[in-house]
Amino acid sequence: MTNTADSTNDRKGVFITFEGPECAGKTTQIALLKRRCDELGRKTLVTREPGGTEIGEALRNIVKHHVGDTAVTDHAELLLFSASRAQHVEKRIIPALEAGYVVICDRFIDSTTAYQGYGRGLDLEFIKTLNAFAVRGCVPDITILLDLSAEESHERGQKREETLFVEDRIESEEIDFHRRVRDGFMKLAELDSERVKVVSAVNSVEKIELEIFRYVAPLIG
Ligand code: Z5A
């Protein structure tokens with residue numbers, strides 16, 4: 001494979017990803033980290049997966065909300081997430097890193113391993129290869145894994161639903177699926193403890209924010 005894109009060694013910016021089950025507080029914590037970056041005078045790009053580009057957002061709509069006579073198959077779902085990522089990395093993430101931005105991305109390759117690999121049971125080796133193909137060397141400098149049990153995640157989701165939130169296709173999977181996803185995330189953290197930092201998502205928002213900042217501060221100055 002020709003790699004004309006980034007390598008982690010020659011980038012000027014910092015690439016931070018957030019991972020974890022739904023309702024773990026990723027959006028909340030990303031907003032707080034963005035504020036820290038602003039205070040430090042760092043140019044910051046906050047983005048998300050699936051999504052982050054026009055094509056990615058269109059794919060997001062399909063993977064999250066498709067309802068029709070024909071369901072999205074597990075294999076198609078995997079490729080849709082990867083297609084969104086390939087577009088995102090090349091068109092937004094790498095250019096921002098080259099321009100010296102702190103890029104904060106809500107979900108990335110680890111979500112594919114956790115949801116499509118551990119959750120759906122698709123081949124983990126193939127997912128590793130596909131992730132590498134989509135990101136072309138653009139691996140996060142650090143990944144914050146907000147850890148929350150499937151039960152707690154479900155409970156927070158229920159509360160949010162009461163305030164008009166609508167569950168998506170993946171969120172509405174049975175609890176065992178979400179347990180496998182959570183275990184998958186923890187396995188990933190164990191296998192790549194240099195990059196993936198586990199932060200308990202059950203503490204207060206303020207406490208979590210401080211813990212995350214302790215990990216990230218050395219990278220963003
Ligand atoms: N997916 C996949 O399968 N494969 C892939 O490769 C990728 C994604 C990239 C994207 O959903 C879906 O795609 C996701 C995985 C799958 N589906 N699932 N399931 P999304 O982007 O729409 O949603 P999400 O990533 O799951 O995030 P979320 O549900 O929006 O949650 P969050 O961002 O982690 O949490 P939050 O919005 O900050 O907070 C959620 C609620 O918890 C809210 O009411 C907060 O007030 C509350 N909260 C936050 N922090 C706390 C604390 N500390 N204590 C108590 N309550 C809190």
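For ligands, and for the atoms within them, numbers begin at 1 and follow the listed sequence. Numbers for residues simply follow the sequence, beginning at 1.
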Asker: Does Glu54 pair with Lys91 as a salt bridge, N-O distance under 4.0 Å?
Answerer: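 Salt bridge absent between Glu54 and Lys91.
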
Asker: So, Arg179 and Asp183, do they make that salt bridge, N to O below 4.0 Å?
Answerer: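 The answer is no: the pair does not qualify as a salt bridge.
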
Asker: I need the contact type for Ser84 against ligand 1. Using non-hydrogen atoms and a strict under-4.0 Å cut-off, is it side chain, backbone, both or neither?
Answerer: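 No part of Ser84 is near ligand 1 at this cut-off.
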
Asker: What do we get for Lys26 next to ligand 1 when only non-hydrogen atoms under 4.0 Å count, side chain, backbone, both or neither?
Answerer: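 Both backbone and side chain of Lys26 come within 4.0 Å of ligand 1.
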
Asker: May I ask you to list the atoms of ligand 1 that are less than 4.0 angstrom from any heavy atom of Ala201?
Answerer: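 So the answer, numbered in order with elements, is 53 (N).
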
Asker: Yes or no: does Arg60 have any heavy atom under 4.0 Å from an atom of ligand 1?
Answerer: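 Contact check Arg60 vs ligand 1: positive.
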
Asker: Looking at non-hydrogen atoms alone, which of Gly56, Ala31, Ala134, Gly25 comes nearest to atom 35 (O) of ligand 1?
Answerer: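 Of the listed residues, Gly25 has the closest heavy atom.
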
Asker: In this structure, does ligand 1 have an atom that sits under 4.0 Å from one of the heavy atoms of Arg85?
Answerer: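 Distance cut 4.0 Å: Arg85 passes for ligand 1.
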
Asker: With only distance considered, is Cys23 within less than 3.5 Å of ligand 1 through an N or O on each side?
Answerer: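 Cys23 vs ligand 1: N/O contact under 3.5 Å present.
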
Asker: Check each heavy atom of Glu22 against ligand 1 and say whether those closer than 4.0 Å belong to the side chain, the backbone, both or neither.
Answerer: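 The answer is both, backbone and side chain.
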
Asker: Between Val14 and Ile142, does a side chain to side chain contact (heavy atoms under 4.5 Å, CB included) hold up when you go through it step by step?
Answerer: CA-CA 9 Å; Val14 182; Ile142 188 168; 5.6 Å; no

Asker: Should we say atom CD1 of Ile55 is surrounded by more than 12 heavy atoms from elsewhere, each under 6.0 Å from it?
Answerer: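 Incorrect, the count does not exceed 12.
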
Asker: Applying the side chain to side chain donor-acceptor pair (under 3.5 Å) criterion to Thr143, which one of Glu19, Lys197, Arg195 satisfies it?
Answerer: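 Per the side chain to side chain donor-acceptor pair (under 3.5 Å) rule, the option paired with Thr143 is Arg195, out of Glu19, Lys197, Arg195.
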
Asker: Regarding ligand 1, does Ala24 bring an N or O atom to under 3.5 Å of one of the ligand's N or O atoms?
Answerer: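 N/O-N/O distance below 3.5 Å exists for this pair.
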
Asker: Within ligand 1, which atoms have a heavy atom of Thr28 less than 4.0 Å away?
Answerer: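 Near Thr28, meaning under 4.0 Å from one of its heavy atoms, ligand 1 has 36 (P), 38 (O), 39 (O), 49 (C).
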
Asker: Can you tell me if Lys64 has a non-hydrogen atom under 4.0 Å from ligand 1?
Answerer: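 Heavy atoms of Lys64 do come under 4.0 Å of ligand 1.
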
Asker: If you measure from atom 50 (N) of ligand 1 to every heavy atom of Glu209, Arg160, Arg156, which option wins on shortest distance?
Answerer: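 Residue with the shortest heavy-atom distance to the ligand atom: Arg156.
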
Asker: For the backbone of Phe213 and the side chain of Arg36, can you confirm whether one donor and one acceptor N or O come within less than 3.5 Å of each other?
Answerer: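 Here the side-chain-to-backbone pair does not exist.
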
Asker: Checking Arg48 against Glu57 for the salt bridge (charged side-chain N to carboxylate O under 4.0 Å, His left out) test, could you report, in this order, the C-alpha distance in whole Å, the side-chain angles of both residues, the deciding distance, and whether it holds?
Answerer: CA-CA 9 Å; Arg48 67 176 181 181; Glu57 291 297 326; 2.7 Å; yes

Asker: Grab the two heavy atoms, one from Pro218 and one from Arg214, that are nearest each other, plus how far apart they are.
Answerer: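 What the structure gives for the nearest pair is CD-O, 3.5 Å.
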
Asker: What part of Asn203, side chain from CB on, backbone N/CA/C/O, both or neither, has a heavy atom under 4.0 Å from ligand 1?
Answerer: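 Only the backbone of Asn203 comes within reach of ligand 1.
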
Asker: For Ile208, counting its heavy atoms only, list the atoms of ligand 1 lying under 4.0 Å from any of them.
Answerer: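 Ligand 1 atoms under the 4.0 Å threshold to Ile208: 53 (N).
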
Asker: May I ask you to identify, for Lys159, whether its side chain, its backbone, both or neither come under 4.0 Å of ligand 1 on a heavy-atom basis?
Answerer: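 Neither; no heavy atom under 4.0 Å.
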
Asker: Can you tell me if Glu171 contacts ligand 1 (heavy atom of the residue under 4.0 Å from the ligand)?
Answerer: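 Under 4.0 Å: yes for Glu171.
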
Asker: Under 3.5 Å between some N or O of ligand 1 and some N or O of Phe108?
Answerer: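 No, Phe108 has no N/O under 3.5 Å of an N/O on ligand 1.
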
Asker: Would you name the heavy atoms of Cys138 and Val89 that are closest together and state the gap between them?
Answerer: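 Closest heavy-atom pair between Cys138 and Val89: CB-CG1, 3.9 Å.
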
Asker: Please work out whether the ring planes of Phe177 and Tyr115 are parallel, tilted or perpendicular, with thresholds of 30° and 60°.
Answerer: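 Plane angle between 30° and 60°, so tilted.
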
Asker: Can any side-chain N or O of Lys43 pair as donor or acceptor with the backbone N or O of Ala99 at less than 3.5 Å?
Answerer: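 Judged by distance alone, yes, a pair lies under 3.5 Å.
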
Asker: If you measure every N/O of Thr27 against every N/O of ligand 1, is any gap under 3.5 Å?
Answerer: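 Looking only at distances, the answer is yes, because the N/O contact criterion of under 3.5 Å is met.
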
Asker: Is a donor on one side and an acceptor on the other found under 3.5 Å between the side chain of Arg85 and the backbone of Ala134?
Answerer: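 Looks like no, no N/O pair under 3.5 Å.
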
Asker: What I want to check is whether the side chains of Ser153 and His178 have a donor and an acceptor closer together than 3.5 Å.
Answerer: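 Note: Ser153 and His178 side chains miss the donor-acceptor criterion.
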
Asker: Could you tell me which atoms of ligand 1, counted from 1 in the order shown, lie closer than 4.0 angstrom to a heavy atom of Glu49?
Answerer: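 Close to Glu49: 9 (C).
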
Asker: Near Thr112, which atoms of ligand 1 are under 4.0 Å from a heavy atom of that residue?
Answerer: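 Contacts of ligand 1 toward Thr112, numbered from 1: 5 (C), 6 (O).
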
Asker: Heavy atom under 4.0 Å from ligand 1: found in Gln116's side chain, backbone, both, or neither?
Answerer: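 Just the side chain.
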
